[in-house]
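Report on one structure; see the data block that follows.
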There are 2 protein chains.
Amino acid sequence: MKLSTKGRYAVMAMADLAHHSNGRPVALAEVADRQEISLSYLEQLFGRLRRGGLVSSVRGPGGGYMLAREAGEMRIADIILAVDEPIKATRCTPGSPTGCHSHKGRCLTHDLWEELGNQIYLYLSSVTLADVCERRVLGTSRMFFGSARSERPAAVAAS
Amino acid sequence: MKLSTKGRYAVMAMADLAHHSNGRPVALAEVADRQEISLSYLEQLFGRLRRGGLVSSVRGPGGGYMLAREAGEMRIADIILAVDEPIKATRCTPGSPTGCHSHKGRCLTHDLWEELGNQIYLYLSSVTLADVCERRVLGTSRMFFGSARSERPAAVAAS
DNA sequence: GCAATCCCGATTGCGCTGGTCGGATAGCCG
DNA sequence: CGGCTATCCGACCAGCGCAATCGGGATTGC
């Protein structure tokens with residue numbers, strides 16, 4: 001799972017779609033305008049979303065894109081995976097010559113990054129597009145990692 | 001919180017330090033050799049780690065770096081924050097002209113990324129360097145996001 | 001047929017990251 | 001002192017991936 005603005009844009013656009021589509025297809029130009037994303041770039045993203053089966057398209061005048069499923073059935077993780085192709089894991093490809101620097105199989109930190117990837121994936125899988133649209137995202141955490149100190153978490157960003 | 005290979009290298013190096021230091025300072029050259037990271041690059045990273053108070057340095061022959069605290073008291077999140085400066089959040093700086101595209105205050109997805117950041121931070125705060133050294137990282141998740149479907153999570157990567 | 005709209009490949013500008021180089025400073029050992 | 005080892009530090013660089021653009025083509029409603 002890769003976290004970049006590409007994925008963010010895709011989620012923003014999908015949220016916009018879910019929000020403004022009343023059964024009718026929505027033209028990308030509208031979305032581009034509302035979300036302030038360049039049209040051509042959106043076209044790129046929606047090409048992938050369509051090929052991933054997340055949206056369906058209607059061509060010609062009055063056409064546009066529609067969600068392929070209910071917003072409540074659309075997980076954020078799916079959207080990101082559709083536009084941000086998986087990319088090779090950390091660098092630890094077991095078997096490869098440079099993978100995890102030769103000796104001793106996996107490096108010490110391998111498990112850590114793997115598990116972190118799982119955490120991120122699980123979280124993004126637990127949130128649906130409907131959740132985002134209705135601002136039902138906060139308050140899901142806490143109390144699980146009870147031991148965490150009370151410091152200020154910085155927001156996430158990907159380069 | 002930014003996830004890049006810089007942070008990964010830092011954690012690898014710190015783990016190496018925790019593992020091979022028996023009260024004595026460890027020279028960077030050793031770490032560079034074992035972890036296959038370029039020495040000059042490590043110097044850069046340890047400069048930040050030292051300024052962040054995570055390691056202490058001893059100069060001169062026989063010198064090197066030592067952990068400033070117990071490995072069990074060193075949280076992974078601290079290490080990453082020390083080397084990967086926080087960077088501006090998502091792009092949504094409330095009050096800024098371009099922040100979260102003008103109208104309506106925060107954009108719909110703002111809360112999502114914020115909460116994702118919290119999730120990542122909480123996880124990385126719940127793991128200490130000692131955990132990593134003794135491979136005590138797996139099995140902490142599951143059962144919380146019980147609803148997640150059984151798909152293959154891809155490993156995390158940052159550009 | 002015309003305009004709206006999706007579709008698609010090729011290309012580009014640019015920031016960021018990982019990495020290098022050269023040199024300064026500090027401590028140890030003859 | 002004068003060299004040796006090591007940390008320290010700032011400037012510099014090169015490649016790459018991402019965000020974004022462009023030009024053109026296919027479809028369909030009116």
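Since the structure is predicted, the reported quantities are computational estimates derived from the model, not experimental observations. Side-chain atoms are counted along with the backbone in the values below, which use heavy atoms only and exclude waters and symmetry mates. Naming: A, B, ... by sequence-line order, numbering from 1 per chain.
Among the nucleotides D:dT28, C:dT20, D:dA20, the one closest to the side chain of B:S38 is C:dT20. With distances taken from any side-chain atom of A:A27 to the nucleotides C:dC6, D:dA6, D:dT28, the minimum falls on C:dC6. The side chain of B:Y65 approaches D:dT7 more closely than any other nucleotide in the set C:dG19, D:dA20, D:dT7.
Side-chain atoms of A:D84 and A:S4, non-hydrogen and from C-beta on, do get closer than 4.5 Å to each other. Using a 4.5 Å heavy-atom threshold, the side chains of A:K6 and A:I80 count as separate.
Under a 3.5 Å cut-off, the side chain of B:R75 and the backbone N or O of B:S125 do not form any donor-acceptor pair. Put simply, the side chain of A:H20 gets close to the backbone of A:D16: a donor and an acceptor are under 3.5 Å apart.
B:R48 places its CZ atom 15 Å from the P atom of D:dC8, with the value rounded to the nearest Å. As a whole-Å value, the separation of B:L17 CG from D:dT7 P is 11 Å. Regarding B:E36, its CD atom lies at a distance of 16 Å from the C1' atom of C:dG19, rounded to whole Å. Put simply, CG on A:L42 is 11 Å from P on D:dT21, counting in whole angstrom units. Rounded to a whole Å, the OH atom of B:Y41 is 14 Å from the C1' atom of D:dC13. Protein atom CG of B:L28 is 13 Å distant from nucleotide atom P of D:dC9, rounded to whole Å. Between B:L39 atom CG and C:dG23 atom P the separation is 17 Å, expressed in whole Å.
Side-chain N/O atoms of B:Y9 include one lying less than 4.0 angstrom from OP1 or OP2 on C:dG19. When the side-chain nitrogen and oxygen atoms of A:S57 are compared with OP1 and OP2 of C:dT5, none of them lie within a distance under 4.0 Å.
Between the base of D:dT5 and the side chain of B:R59 there is no donor-acceptor pair shorter than 3.5 Å.
Taking each heavy atom of A:P25 and A:G62 in turn, the nearest pair found is CG-O, 3.6 Å. Here the closest heavy-atom approach between residue A:A18 and residue A:L129 is recorded as CB-CD2, 4.0 Å.
Here A:V26 lies in heavy-atom contact (under 4.0 Å) with sugar-phosphate atoms only.
For the side chain to side chain contact (heavy atoms under 4.5 Å, CB included) with A:I76, the lone residue among A:L124, A:D131, A:T128 that qualifies is A:L124.
In this structure, A:G7 and B:F46 both approach DNA chain D, and ranking their closest nucleotides by distance from the 5' end singles out B:F46.
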Next item on the list: Sugar-phosphate atoms are those with a prime plus P, OP1 and OP2; base atoms are the rest. Using that split, label each nucleotide of nucleotides 8-13 of chain C B, S or - for protein heavy atoms under 4.0 Å, 5' to 3'.
Entry: B-----
